*Asks:* 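Quick one: the structure is below, and I'll ask about it shortly.
Treat the numbers as computed from the prediction; the structure is a model and nothing was measured. Values reported hereafter were calculated over all heavy atoms of this structure, with side chains retained and with hydrogens, waters and symmetry mates removed. Just so you know, ligand 1 is whichever comes first in the structure, and atom 1 is the first atom listed for that ligand.
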Amino acid sequence: MNDVYILGIESSCDETSISIVKNGKEEIVTTTLSQIDIHKKFGGVVPEIASRSHAECITIVIEDCLNKANMKMEDITAIAVTYGPGLAGSLLVGVEAAKTLALCYNKPLIGVNHMAGHIYANNLVDTMDFPLICLVISGGHTEIIYMDEDLSFKKIGSTIDDSVGEAFDKVARVIDVPYPGGPVIDKLSKIGKDTYDLPLPMDDDSYNFSFSGIKSAVINLVHNEKQRGNEIRKEDLATSFENIVVKTLTKKTMRAIDEYKVKELLIAGGVSANSGIREEFDKLCKEKGIKLVVPKLTYCTDNGAMIAAAGYYYYKKELFSDYSLKINPSLDL
Ligand code: KG4
Ligand code: ZN
């Protein structure tokens, strides 16, 4: 087969990101315009502003990506775009841009599930070896997925309430850490001590998670300490919180690895950037003699490269979309 160059378009939340990836593995160029600074002052992503910003910059970001790659649209094999899950207005901008390019340049159009993209960010690090377990941890998801072939996603567990990313962001807000809180909690946890007692949630036989309990425990703890006139030791609370999260995620994931007898573990999604989570899984997988693949830090947050990487496998399976492709803000894996 000739080399396949996929143009990946990601605009599901607050990053406008375009990539060209060769054969699902080799990132040629990625151009990303992040809106974090715009949304920071509101303490979270404002959907209306996000979609408007995508609309303003998407053509410039596409052009910049092609220029940096020294390529033309004629050199592109197919166009892959996130069509869900995500913010409706933001998704629309990417999908409409992809359809327009596909129509104008007569290229195949591929609608990609954003969460499949997060999983395939790992394919840019190492080729997937099936069967595998993937722990998907992001701002909207906390799931354990079993895969025995490309694009086959069997969900064996998920959160029953908040996602782990939401818990990081809410805890950050309670201790007055700016948005997005996850990376800051991660940094604070490195200098703190595990001194606060927090509950280990859903410590049961299922593969499901629950994070609203820890979140409430942190809110109550901060409230009570304030009422007693005690100062919160932010870094200690960050360490205590992160340790509980790590314990919850590792316990169930490592059990799934045993039960499903897989060859490797992948971690995917924005929270996979967390150093505590990476270190503990690294240690546990080494002890068990199982391969661990984690995305490069730049591929943890939303990016076009992961969409193009996943898009390659849709292309190989001829899973093409037509111009009626619609966004699906609550698309499941
Ligand atoms: O995957 P993502 O970029 O967006 C979604 O698709 O949801 O994930 C964003 C989430 C946010 O909740 C952010 O706080 C969290 O990932 N995050 C982290 C870290 N970096 C990003 N959480 C913990 N530690 C980090 N280092
Ligand atoms: Zn994401």
Side-chain angles (χ1 to χ4, degrees), residues 8-17 19 30 32-36 39-40 43-45 47 50 81-87 90-91 94 112-122 134-143 158-159 162-175 177-192 211 214-215 218 235 237-239 241-246 248-249 266-281 294-307 309-310 329-333:
I9 301 180
E10 160 59 35
S11 72
S12 66
C13 190
D14 59 347
E15 329 267 356
T16 319
S17 183
S19 284
T30 298
T32 301
L33 215 78
S34 172
Q35 302 171 10
I36 282 192
H39 298 289
K40 216 174 204 160
V45 178
V81 62
T82 302
Y83 74 105
L87 300 170
S90 293
L91 289 166
V112 172
N113 183 314
H114 179 78
M115 301 319 293
H118 272 302
I119 293 173
Y120 276 82
N122 287 290
C134 183
L135 175 67
V136 181
I137 38 178
S138 75
H141 293 75
T142 309
E143 287 166 0
S158 62
T159 181
D162 295 350
S163 73
V164 63
E166 267 178 287
F168 267 100
D169 294 337
K170 279 178 190 162
V171 166
R173 220 171 297 150
V174 172
I175 58 171
V177 162
Y179 168 86
V184 187
I185 295 276
D186 192 3
K187 278 199 195 104
L188 285 175
S189 74
K190 290 212 160 322
I191 51 172
F211 288 99
I214 322 182
K215 180 193 70 189
V218 172
E235 58 287 354
L237 188 54
T239 310
F241 167 73
E242 194 169 297
N243 282 358
I244 281 289
V245 169
V246 168
T248 306
L249 294 175
L266 312 183
I267 310 184
V271 185
S272 65
N274 183 271
S275 57
I277 294 173
R278 284 174 173 243
E279 281 159 21
E280 189 60 12
F281 272 116
V294 289
K296 280 190 193 168
L297 283 177
T298 42
Y299 298 142
C300 288
T301 39
D302 296 345
N303 63 84
M306 68 186 200
I307 302 305
S330 50
L331 182 66
D332 212 350
L333 258 182

*Asks:* Treating T16 as the side-chain partner and S11 as the backbone partner, does any N or O pair qualify as donor plus acceptor under 3.5 Å?
*Replies:* no
*Asks:* Measure the distance from atom 10 (C) of ligand 1 to every protein heavy atom, then report the residue, atom name and distance (to 0.1 Å) of the closest one.
*Replies:* G139 N, 3.6 Å
*Asks:* Starting from atom 14 (O) of ligand 1, locate the nearest protein heavy atom and write down its residue, its atom name and how far away it is, to 0.1 Å.
*Replies:* D169 OD1, 2.6 Å
*Asks:* Answer yes or no for H141: is there a heavy-atom contact with ligand 1 below 4.0 Å?
*Replies:* no
*Asks:* Which residue and non-hydrogen atom of the protein lie closest to atom 26 (N) of ligand 1, and at what distance in Å?
*Replies:* D186 OD2, 3.0 Å
*Asks:* Have a look at P85, G269, G182, A268 and point out the one with the heavy atom closest to atom 22 (N) of ligand 1.
*Replies:* G182
*Asks:* Name of the D302 N, O or S atom nearest the Zn ion (ligand 2)?
*Replies:* OD1
*Asks:* Who's the nearest protein heavy-atom neighbour of atom 1 (O) of ligand 1, and how far?
*Replies:* G270 N, 2.9 Å
*Asks:* Measure N274 to ligand 1 on non-hydrogen atoms and call it side chain, backbone, both or neither using the 4.0 Å cut-off.
*Replies:* both
*Asks:* Rounded to the nearest 0.5 Å, what separates atom CZ in R278 from atom SG in C300?
*Replies:* 4.5 Å
*Asks:* Is the backbone of S34 close enough, under 3.5 Å, to the side chain of D14 for a donor and an acceptor to pair up by distance?
*Replies:* no
*Asks:* At under 4.0 Å between heavy atoms, which part of H114 makes contact with ligand 1: side chain, backbone, both or neither?
*Replies:* side chain
*Asks:* When rounded to the nearest 0.5 angstrom, what is the spacing between OG in S17 and OH in Y299?
*Replies:* 10.0 Å
*Asks:* If you round to the nearest 0.5 Å, how far is CG of N274 from CD of E242?
*Replies:* 4.0 Å
*Asks:* Any non-hydrogen side-chain atom of V136 less than 4.5 Å from a side-chain atom of I119?
*Replies:* yes
*Asks:* Report the angle formed at the Zn ion (ligand 2) by atom NE2 of H118 and atom NE2 of H114, rounding to the nearest 10°.
*Replies:* 90°
*Asks:* To check your reading of the model: name the closest protein heavy atom to atom 4 (O) of ligand 1, its residue, and the distance in Å.
*Replies:* D302 OD1, 3.7 Å
*Asks:* Is there side-chain contact between S19 and E10, with at least one heavy-atom pair below 4.5 Å?
*Replies:* no
*Asks:* Under a heavy-atom criterion of less than 4.0 Å, does C13 contact ligand 1?
*Replies:* no
*Asks:* Less than 4.5 Å apart, any side-chain heavy atom of N113 and any of P85?
*Replies:* yes
*Asks:* Can you tell me if D186 uses its side chain to pair, donor with acceptor, with the backbone of S275 under 3.5 Å?
*Replies:* yes
*Asks:* Give me the nearest non-hydrogen protein atom to atom 15 (C) of ligand 1 as residue plus atom name, then the distance to 0.1 Å.
*Replies:* V271 CG2, 3.8 Å
